[in-house]
Amino acid sequence: MRTDLFTDPLDGLDEALSAVDAFDRALVSGLLRPQPDQAAGLAALATAVAGTPLAAQVAEAADKAAAGAAGEDHLVVLAAARTALMGSVHDALTERVADITGRPRAERSTPGTTADEPGANVLAAARAWLCDLARAGWQGIDHELVAGAAPVVSAMLSDLRLRRQATLLDGFAAELAASCPGATLDRVPVRRWADLWTRALLLTLPGATRTPALSTATGRLLPLGVDVQEHATAVQAQVHAVFEPADGTEPRLLRAAVSAPKPDTVVGAGLWQLLRPRMSLLAAVGEGRAMELDGMPVTDEGDLVWDDERARTGEPADPFGTARVVLATAADPVTAPLDRHPARIAVPVLLEGYTVEGGNDGDGASGGEEANEGGGDGRPVFALAGHRLTVDTDRVPAAGPLTPEAVAASGACLGLLRWDAGEFVLQPLAVETTVRKKTTAVHAGAWAGGTTDKAGVRAEKAATDSVAVLRERAGKLLRA
């Protein structure tokens, strides 16, 4: 692994992100009556894509927006330009990751999408609402404006093909509603809301909603770890794994995700109760076993469309053993065009032979003055071959036994290499630690299939009680 490339600068990266930031700042005050500094931000976006096929359209859209006369088409063009810039950053970082890991990239082998154009009218309504947001700006939002998303989301939810757009729009609107009125905001999440606005807007366009083309996967799936993503009203578990095709072709990295709505009273290990019945793979992860797949649908981007009927539990498979033997030769998946964004980078890697700076050594004792320095924000740092990599322990879920203390006391770490706030960081999925002279593995997804751990059992019982009460109340409401 080329650890020296963790901090090696990338040509053009700062310039691309600066142009994106300039445009994002223009959205803060809105594009209804732009001020000179907003016009400068729009011009910066146009300049950044001046040498591309988008140049003429973006220049026109930026001029119209600077004059306060941007129509829907102009705002879509500006969103496309921003997406193209973030995509270029993603591509540069992905190439750097490939240089770091030395792994091959998978090739797209099927057509991009199958024809499927649902809900043109409701998508047009969503697009109109998003354009109204851009004109008002984040400081101009109020409850009346944000509430305009509700009927659009309701109409989308009735069509399963629009569930992704509905979920994104609903979550975005909820964040905005919690921040109303925008004029009183002390701090605006500028990059995040611009990301959400841009993605939501482009997903309303013809072609963006088409169903991805699928191939099939037959062979052995070797889980590496689970990434748990939790929201107040939803939770998702994404299993990262190495797939060994039955035909003997090269192994590749695949993902399988399961999500579920959740009440805010279900937290910690209780989350697995919501997810476990929806995907048998979670039980295999908890038991440390492989899965045998037979014709499982999979997208070009490496996402399995999970079907329990096409999978069966296989032999025991140690994730660290898989990483040491197979991971280095497994091809990384390609990325769909609209998904090209630095935040989407999550590449499985195995690190060994590092020392830990900062954090805790597991016994409450620090590792000396240098160790206490960490990453400058309280997060530990892995020092490896003279280079440092920040460990994002904030991403360690409460739904498993993995803790920041275990990370700080580890000698090997299986995690996801990500890009965050201008640097590569590592999200731990599992670590190996030494307990009483014996190497022990601790996995974030160890409780996915069930647990006898006291803390996990308590959390699961609390979740059972919460769900039972909610179901009883819902039943009374339906009978009323």
Side-chain angles (χ1 to χ4, degrees), residues 14 16-45 65-66 68 70 75 78-79 82-83 85-86 89 126 129-150 152-153 167-201 229-235 264-265 267 341-344 374-379 390 392-398 404 418-423 425 427:
D14 292 340
L17 291 174
S18 293
V20 169
D21 289 339
F23 173 74
D24 292 354
R25 288 192 294 270
L27 291 177
V28 174
S29 300
L31 300 177
L32 187 60
R33 299 180 183 87
Q35 299 301 308
D37 57 338
Q38 292 172 277
L42 295 165
L45 182 69
L75 294 175
L78 293 175
R82 184 187 186 278
T83 298
L85 279 179
M86 294 303 280
V89 172
W129 178 76
L130 290 163
C131 289
D132 287 342
L133 276 185
R135 295 185 182 101
W138 314 133
Q139 292 179 335
I141 59 172
D142 56 31
H143 287 290
E144 181 179 359
L145 174 59
V146 175
V152 179
V153 171
T167 302
L168 173 58
L169 210 63
D170 188 38
F172 186 23
E175 284 194 27
L176 295 175
S179 302
C180 285
T184 63
L185 283 175
D186 293 328
R187 177 181 173 274
V188 176
V190 179
R191 173 73 66 80
R192 174 173 174 79
W193 283 359
D195 279 341
L196 292 173
W197 176 81
T198 303
R199 182 165 178 78
L201 186 58
Q229 301 161 14
E230 183 181 356
H231 189 270
T233 59
V235 61
D264 57 10
T265 53
V267 296
H341 189 287
R344 294 296 298 266
D377 54 5
R379 297 184 295 181
T390 300
D392 192 355
T393 50
D394 292 340
R395 287 182 178 266
V396 174
R418 292 185 176 274
W419 176 261
D420 182 47
E423 65 173 348
V425 299
Q427 174 190 344

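Just so we're clear, the structure is a prediction, and the values are computed from it rather than from any experiment.
Contact check for I141 versus P181: no side-chain heavy atoms found under the 4.5 Å cut-off. Using a 4.5 Å heavy-atom threshold, the side chains of L85 and V89 count as separate. Side-chain contact check for V153 versus T167: every heavy-atom pair is 4.5 Å or farther apart. With contacts defined as side-chain heavy-atom distances shorter than 4.5 Å, the pair D195/H341 qualifies.
Across Q139 and S29, no two heavy atoms sit closer than the pair OE1-OG, 3.6 Å. Minimum heavy-atom separation, A173 to V146: O-CG1, 3.3 Å. The nearest pair of heavy atoms linking P34 to A65 is CG-O, 2.9 Å. Closest heavy-atom contact between A70 and R135: O-NH2, 3.3 Å. Contact between L169 and A200 at its shortest, heavy atoms only, is CD1-CB, 4.2 Å. Nearest heavy atoms, A26 versus L31: O-CD2, 3.9 Å.
Checked against M86 for a side chain to side chain contact (heavy atoms under 4.5 Å, CB included), the options R191, R199, R344 give a single hit: R191.
For Q38 (side chain) and Q35 (main-chain N/O), a donor-acceptor pair under 3.5 Å exists by modelled atom type. A donor-acceptor distance shorter than 3.5 angstrom exists from the side chain of S179 to the backbone of E175, with no hydrogens or angles considered. The backbone N or O of L27 lies less than 3.5 Å from no partner atom in the side chain of W193, so there is not a single donor-acceptor pair. Side-chain atoms of W138 do not come within 3.5 Å of backbone N or O of V190 as any donor-acceptor pair.
In summary, R379 and E423 engage in a salt bridge, as defined by a charged side-chain N under 4.0 Å from a carboxylate O. Using a 4.0 Å cut-off between charged side-chain N and carboxylate O, D392 and R395 make a salt bridge.
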Side chain to side chain contact (heavy atoms under 4.5 Å, CB included) between R82 and D24, intermediate numbers included = CA-CA 9 Å; R82 184 187 186 278; D24 292 354; 2.7 Å; yes
Mind running side chain to side chain contact (heavy atoms under 4.5 Å, CB included) on L176 and L133 for me, showing each step along the way?
-> CA-CA 10 Å; L176 295 175; L133 276 185; 3.7 Å; yes
Would L75 and L130 satisfy side chain to side chain contact (heavy atoms under 4.5 Å, CB included), going step by step from the backbone distance to the final call?
-> CA-CA 9 Å; L75 294 175; L130 290 163; over 6 Å; no
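Ring geometry for F172 against W129 counts as perpendicular: the plane angle is over 60°, on a 0 to 90° scale with 30° as the lower cut.
We find the CG-CG distance between L201 and L196 to be 12.5 Å, quoted to the nearest 0.5 Å.
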